[in-house]
Amino acid sequence: RAMSEPAPTHTLDPTPAPAPVAADAPARVRCFSGIQPSGAPHIGNDLGAIRNYVALQDRFESIYCIVDFHALTTTHDPEVLRRRTREMATALLALGLDPGRCTLFVQSHRPEVAELMWLFLTVTPVSWLERTPSYKEKRENQPEDVNHGLLTYPALMAADIVLYKASVVPVGRDQAAHLELSREIVRAFNNRYGPTFPEPQAVYTEAPVVLGTDGVRKMSKSIGNTIEIFAPADEIRRQVMSMVTDTQRIKRTDPGRPEVCNVCQLHRFFGDDYEEIWDGERTARTGCVDTKKLLVERILRHYAPARERYAELMASPATVDGVLEAGAARLRPIVDATMAEVREKMGLR
Ligand code: TYM
């Protein structure tokens, strides 16, 4: 179920999603998205973005990237970064990215993106970068490490996308401000040097903001309020059973409010009978613990085939590395063409 309007009860941010991409958009339109190898993939990544990566690979020429340059702004251990990069690639393949139908690669394997970022920085006012919400947040969360990469992060995203002249960008709602800034940067470039790049457009799933196990903040690798997709079953059970539900439901006999209960909200995405489950909560026929146990079962059942594929692929790292290498190689002609055009337009040759 790609690209429909977000469920109103499941978002933190009331800004409406941009109009979905027209069904008759030309087949050669490119789609690009990136994911950081900064932690284990969680159901927020899947429901908010990866499901759309998978769905869109048949509709557009799709390119997906594990953004290790971006992860360096927070992950500083080389071995950890290397391991997580391969794990993230494995996860994306296990969840349904098919190297026959899309291109999967690692950001640093096409380092021209760093050159394009620099060129973009020369059309980007510092004030635009300083007002980015994620920058302000990181500055507070990691005051001991306010590195310059945190500030220039969105310019690298803009470069990621338009290096391939992609315009369709499946992401979760937390990336909306970054995407908006990418559009502004591209517009600034096009204004100064002439029409060169399409303006990237965010595309959302039905779950653009998945809340974490705390029921308040978005599910996030860096907060640690996640339900992981490929963790051992016991760990997933522990994560789901720790979820905060409707905080006003104190006694087992109190009626529940599925609209504000994150466990009930997640049931929407793991079965067709969520309305019955919600009814059980409203009438106090079922308790929070029952509903959580059922969610554990559903999540494990839903991801069973992917978990199996993940285990197989993890046992065969050369296969995954081969996919990534072939991906980066396949992109080379596109990158060369874009960079030649940009250097020419900017007076670098
Ligand atoms: P990252 O690695 O934080 O997340 C990967 C994708 O998962 C989505 N997502 C969520 N969606 C809904 N609910 C949640 N709780 C949730 N948590 C994560 C994210 O929105 C994202 O789509 N800056 C990006 C990576 C990036 C990128 C790009 C994306 C780099 N370059 C170019 C698009 C285009 C990031 O940190 O995603």
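Note that ligands are numbered from 1 as they come in the structure, with each ligand's atoms numbered from 1 the same way.
- Looking only at protein heavy atoms, the nearest one to atom 24 (C) of ligand 1 is Gln175 OE1, 3.4 Å.
- Note on ring orientation: taking the six-membered ring where Trp is involved, the planes of Phe32 and Tyr164 are parallel (angle under 30°, cut-offs 30° and 60°).
- Residue Lys218 places no N or O, backbone or side chain, under 3.5 Å from any N or O of ligand 1.
- At the top of the distance list for atom 11 (N) of ligand 1, counting protein heavy atoms only, stands Gly44 O, 3.3 Å.
- Of the heavy atoms in Leu211, none comes closer than 4.0 Å to ligand 1.
- At least one N or O atom of Tyr153, backbone or side chain, sits closer than 3.5 Å to an N or O atom of ligand 1.
- Between the side chains of Asp254 and Gln248, no donor-acceptor pair of N or O atoms lies under 3.5 Å.
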Practice item. Take Ser220 and Ser222, measure what side-chain hydrogen bond (donor to acceptor under 3.5 Å, both in side chains) needs, and give me the verdict at the end. Key: CA-CA 5 Å; Ser220 160; Ser222 59; 3.0 Å; yes

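- Below 3.5 Å of separation, one finds an N or O of Gln36 facing an N or O of ligand 1.
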Exercise for review: Applying side-chain hydrogen bond (donor to acceptor under 3.5 Å, both in side chains), run through Gln57 and Asp98 and close with a yes or a no.
Suggested key: CA-CA 8 Å; Gln57 59 185 339; Asp98 173 357; 5.9 Å; no

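- For the pair Lys221 and ligand 1, a heavy-atom separation below 4.0 Å is found.
- Within ligand 1, the atoms closer than 4.0 Å to a non-hydrogen atom of Gly48 are 11 (N), 12 (C), numbered from 1 in the order shown.
- Environment of CZ in Arg330: crowded, with over 12 heavy atoms of neighbouring residues, nucleotides or ligands closer than 6.0 Å.
- Of all protein heavy atoms, the one closest to atom 31 (N) of ligand 1 is Asp160 OD2, 2.7 Å.
- Considering backbone and side-chain N/O atoms, Gly172 comes within less than 3.5 Å of an N/O atom of ligand 1.
- The contact set between ligand 1 and His42, taken as ligand atoms under 4.0 Å from a residue heavy atom, comprises 17 (N).
- No close placement of the Phe269 and His302 rings is indicated, their centers lying 6.0 Å or farther apart.
- Defined by atom type and a distance below 3.5 Å, a donor-acceptor pair is present between the side-chain atoms of Ser108 and Asp68.
- With hydrogens left out, the protein atom closest to atom 18 (C) of ligand 1 is Asn45 ND2, 3.3 Å, a heavy atom.
- Note on ligand 1: Ser33 sits in its first shell, one or more heavy atoms being nearer than 4.0 Å.
- Aromatic ring orientation, Phe189 versus Tyr193: tilted (interplanar angle from 30° to 60°).
- Here Val169 has side-chain heavy atoms under 4.0 Å from ligand 1, and that is the only part of it that gets that close.
- The shortest N or O to N or O distance between Met219 and ligand 1 is below 3.5 Å.
- Looking at Arg282 and Glu275, no side-chain N of the basic residue comes within less than 4.0 Å of a carboxylate O on the acidic one, giving no salt bridge.
- Counting only heavy atoms of the protein, atom 12 (C) of ligand 1 lies nearest to Pro208 O, 3.2 Å.
- If you check which protein heavy atom lies closest to atom 13 (N) of ligand 1, you get Val210 N, 2.9 Å.
- The protein atom (non-hydrogen) at minimum distance from atom 19 (C) of ligand 1 is Asp174 OD1, 3.3 Å.
- Given atom 26 (C) of ligand 1, the protein heavy atom at minimum distance is Gly34 O, 3.7 Å.
- Atom CD of Glu341 has more than 12 heavy atoms from other residues, nucleotides or ligands within 6.0 Å.
- The local environment of NZ in Lys293 is sparse, with at most 12 non-hydrogen atoms from other residues, nucleotides or ligands closer than 6.0 Å.
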**Study point:** From CA spacing to verdict: side-chain hydrogen bond (donor to acceptor under 3.5 Å, both in side chains), Glu281, Thr291
**Key:** CA-CA 8 Å; Glu281 288 277 306; Thr291 312; 2.4 Å; yes

